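Keep in mind the model is a prediction, meaning the values are calculated, not measured.
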Amino acid sequence: MKKLQGAHLRKPVTPDLLMTPSDQGDVDLDVDFAADRGNWTGKLDFLLSCIGYCVGLGNVWRFPYRAYTNGGGAFLVPYFLMLAICGIPLFFLELSLGQFSSLGPLAVWKISPLFKGAGAAMLLIVGLVAIYYNMIIAYVLFYLFASLTSDLPWEHCGNWWNTELCLEHRGSKDGNGALPLNLTCTVSPSEEYWSRYVLHIQGSQGIGSPGEIRWNLCLCLLLAWVIVFLCILKGVKSSGKVVYFTATFPYLILLMLLVRGVTLPGAWKGIQFYLTPQFHHLLSSKVWIEAALQIFYSLGVGFGGLLTFASYNTFHQNIYRDTFIVTLGNAITSILAGFAIFSVLGYMSQELGVPVDQVAKAGPGLAFVVYPQAMTMLPLSPFWSFLFFFMLLTLGLDSQFAFLETIVTAVTDEFPYYLRPKKVVFSGLICVAMYLMGLILTTDGGMYWLVLLDDYSASFGLMVVVITTCLAVTRVYGIQRFCRDIHMMLGFKPGLYFRACWLFLSPATLLALLVYSIVKYQPSEYGSYRFPPWAELLGILMGLLSCLMIPAGMLVAVLREEGSFWERLQQASRPAMDWGPSLEENRTGMYVATLAGSQSPKPLMVHMRKYGGITSFENTAIEVDREIAEEEESMM
């Protein structure tokens with residue numbers, strides 16, 4: 001079986017039909033194979049890995065805030081509609097590509113070498129995201145260790161990092177519930193702990209002067225990379241086992257936080273604020289765009305993680321079922337996280353005597369300022385704080401596993417003979433390189449760089465990559481061919497819903513998102529700090545670089561072909577001769593014996609592009625087009 005799994009990695013050999021008798025006598029029948037690519041070792045490995053990848057930090061600190069600022073319960077209408085139009089179809093498309101070919105984000109473009117630049121753009125985006133995402137995990141580790149104490153360090157003022165503006169907001173109400181002091185001119189201990197102690201941002205003058213390295217953050221970042229490396233040490237065989245804990249345990253903690261939150265006084269006030277429908281918001285285009293953005297980034301489409309995970313599946317894995325389990329599970333988790341967060345915020349607002357909207361924040365402000373402050377108001381505050389940050393740690397690690405596995409798989413699939421036997425060493429080198437590149441994030445001004453990476457690394461560039469992938473598969477490769485490939489895997493063809501979304505609705509939605517993000521562009525900022533023009537330009541170039549990789553890849557693919565420009569373009573857009581399932585036992589129909597090294601001469605003569613003056617891929621294209629035309633006529 002291992003030889004069959006490595007069949008598509010054999011070194012090319014000359015077909016028998018093109019050999020002389022003397023050549024055939026010298027052939028060594030013992031063919032060398034690259035190291036085994038590997039597969040998931042358990043039935044639930046793939047499903048749990050996808051759930052862990054999709055259910056991440058954004059479900060906790062982005063969705064609840066987006067929901068209440070965009071109509072509360074009414075936000076669920078565009079949210080689930082965008083899930084149906086954009087999320088589920090693109091999720092299924094990416095899984096299908098990976099499982100059918102058993103290849104990573106680069107090698108999968110054998111489907112149409114003209115668009116291989118989209119795979120390179122994926123790697124650039126996921127590499128940049130992985131650098132700053134692990135820094136967020138380092139912050140979580142910092143708070144996790146800080147919670148191992150009897151008194152949380154951000155509970156009181158009077159520490160060396162506190163200023164005169166610090167005020168312990170807890171218990172600041174008088175007997176009638178009125179506030180004796182004006183809190184608008186004060187700062188909570190948790191906010192100063194985050195900005196002045198953890199980040200030490202006062203030591204930086206801005207993004208251009210990051211200041212000194214914070215060695216405690218540096219060590220936390222090192223620990224984060226060590227954890228990631230140990231978990232992906234043996235690829236999916238090791239990470240597939242880790243996710244049994246990291247993908248399931250957050251639900252237990254989330255349930256505990258939810259039960260504790262809804263039993264607090266004032267919890268209903270926060271939940272009501274979170275879910276009260278405001279249907280007039282649905283008339284605003286911003287709400288629909290926000291819903292689409294939440295779906296797009298929450299499911300992780302376009303980063304290559306889904307494609308990579310699916311490439312380690314068996315050929316007939318039911319990814320159709322898995323698609324609905326993961327996407328709907330992700331949506332439900334986001335909603336539950338909102339209940340857990342806003343129930344505590346409701347309690348916090350009642351204790352402080354302020355409206356809920358004055359304590360609600362999104363992103364790092366929620367995770368590292370507001371929620372930690374709320375924890376100090378609870379009995380056994382270190383225990384609940386530890387649980388909260390441990391949940392964030394497990395949520396973040398799952399996504400980071402996917403990012404690193406995507407990079408390692410993509411490169412090793414391109415150079416299997418050299419890198420696959422040394423995959424552990426290569427993975428270690430990737431982790432070391434990214435750790436070194438992330439050291440600037442551990443400086444006093446590291447948060448400025450993190451914000452810049454977060455705003456631009458996976459913004460409009462990621463949308464361009466997904467639009468290109470969708471159009472390349474459905475328009476260039478062909479929707480009928482793609483549906484037939486899925487039929488070969490799953491035993492049925494996708495219905496009208498999926499085909500309509502792939503052909504029209506999903507690309508149109510993403511194009512609208514792209515236009516909206518450009519028209520509504522706003523410069524990056526962090527608090528009151530405004531980024532200088534050169535930093536904005538750097539961020540825009542960061543996003544453009546991933547976009548430019550697509551035309552650059554097209555240029556390289558065209559130059560590798562022969563003939564006129566139009567002939568080169570046609571040849572580069574057609575599937576490679578060894579495109580298809582990785583195992584010969586799964587290659588049926590037009591894919592029979594088209595792997596390099598096959599001893600069946602007729603299919604090779606049909607599929608070879610140019611060999612000894614034979615330009616035979618034309619025959620395959622004609623036959624396939626004829627079959628597709630016949631199928632379309634039968635469907636009408």
Side-chain angles (χ1 to χ4, degrees), residues 51-52 54-80 82-83 247-279 281 287 290-291 294-295 298-299 326-352 354-381 383-392 394-396:
I51 291 175
C54 296
V55 179
L57 298 175
N59 297 73
V60 175
W61 71 24
R62 281 207 176 110
F63 174 83
Y65 185 83
R66 269 187 170 147
Y68 101 83
T69 56
N70 290 284
F75 180 73
L76 297 180
V77 175
Y79 179 76
F80 279 101
M82 289 300 170
L83 177 65
T248 57
F249 195 68
Y251 284 96
L252 177 61
I253 301 179
L254 184 62
L255 182 62
M256 294 174 64
L257 292 174
L258 176 62
V259 172
R260 184 68 184 101
V262 297
T263 57
L264 293 171
W268 176 247
K269 181 180 178 182
I271 294 174
Q272 189 177 20
F273 189 82
Y274 167 50
L275 283 183
T276 299
Q278 302 175 40
F279 290 103
H281 281 272
V287 174
E290 289 287 330
Q294 179 64 31
I295 288 293
S298 178
L299 292 178
V326 176
T327 53
L328 294 178
N330 175 72
I332 294 173
T333 304
S334 298
I335 297 172
L336 288 178
F339 280 101
I341 296 297
F342 272 88
S343 61
V344 175
L345 295 184
Y347 165 72
M348 183 178 175
S349 70
Q350 178 167 303
E351 288 293 302
L352 298 179
V354 297
V356 178
D357 58 355
Q358 290 191 21
V359 297
K361 291 185 179 181
L366 172 66
F368 301 118
V369 177
V370 176
Y371 213 82
Q373 181 184 355
M375 293 297 99
T376 63
M377 301 179 181
L378 299 176
L380 300 175
S381 56
F383 171 74
W384 294 108
S385 177
F386 181 86
L387 282 184
F388 175 72
F389 287 109
F390 193 76
M391 180 185 71
L392 293 185
T394 52
L395 288 174

Check whether [X] reaches the backbone of [Y] with its side chain - one donor and one acceptor, N or O, closer than 3.5 Å.
X: N59; Y: G56; result: yes
X: S381; Y: M377; result: no
X: T69; Y: R66; result: yes
X: Y347; Y: G270; result: no

From [X] [atom1] over to [Y] [atom2], what is the distance, rounded to the nearest 0.5 angstrom?
X: K269; Y: M348; atom1: NZ; atom2: CE; answer: 12.0 Å
X: I295; Y: F80; atom1: CD1; atom2: CZ; answer: 8.0 Å
X: L380; Y: S385; atom1: CG; atom2: OG; answer: 12.0 Å
X: E290; Y: R62; atom1: CD; atom2: CZ; answer: 10.5 Å

[X] versus [Y], closest heavy-atom pair with distance:
X: L392; Y: L57; result: O-CD2, 3.5 Å
X: G338; Y: P64; result: CA-CG, 3.6 Å
X: A367; Y: W61; result: CB-CE3, 3.5 Å
X: M256; Y: F383; result: CE-CZ, 4.2 Å
X: A67; Y: Y274; result: CB-CE1, 3.8 Å
X: Q350; Y: G266; result: OE1-CA, 3.2 Å

Open item on the list: Show, in sequence, the C-alpha distance, side-chain angles and deciding distance for L328 and L83, and conclude whether the side-chain contact (heavy atoms from CB on, under 4.5 Å) test is met.
Closed with: CA-CA 9 Å; L328 294 178; L83 177 65; 3.9 Å; yes
Any heavy-atom pair between the side chains of [Y] and [X] that's under 4.5 Å?
X: F368; Y: F389; value: yes
X: F249; Y: F390; value: yes
X: I51; Y: T333; value: no
X: Y79; Y: Q294; value: yes
X: Q373; Y: L352; value: yes
X: F388; Y: I253; value: no
X: Y68; Y: I341; value: no

Open item on the list: Please determine whether side-chain contact (heavy atoms from CB on, under 4.5 Å) holds for the pair L264 and L378, giving the CA-CA distance in whole Å, both sets of side-chain angles, and the decisive distance to 0.1 Å.
Closed with: CA-CA 9 Å; L264 293 171; L378 299 176; 3.5 Å; yes
Open item on the list: For the aromatic rings, using the six-membered ring if either is Trp, is the centroid distance between F342 and F339 under 6.0 Å?
Closed with: no
Task: Member of N330, I335, L336 meeting the side-chain contact (heavy atoms from CB on, under 4.5 Å) criterion with I332 - done: L336
- [ ] Output, in order, the C-alpha distance, side-chain angles, deciding distance and verdict of side-chain contact (heavy atoms from CB on, under 4.5 Å) for Y371 and L257.
- [x] CA-CA 11 Å; Y371 213 82; L257 292 174; 4.3 Å; yes
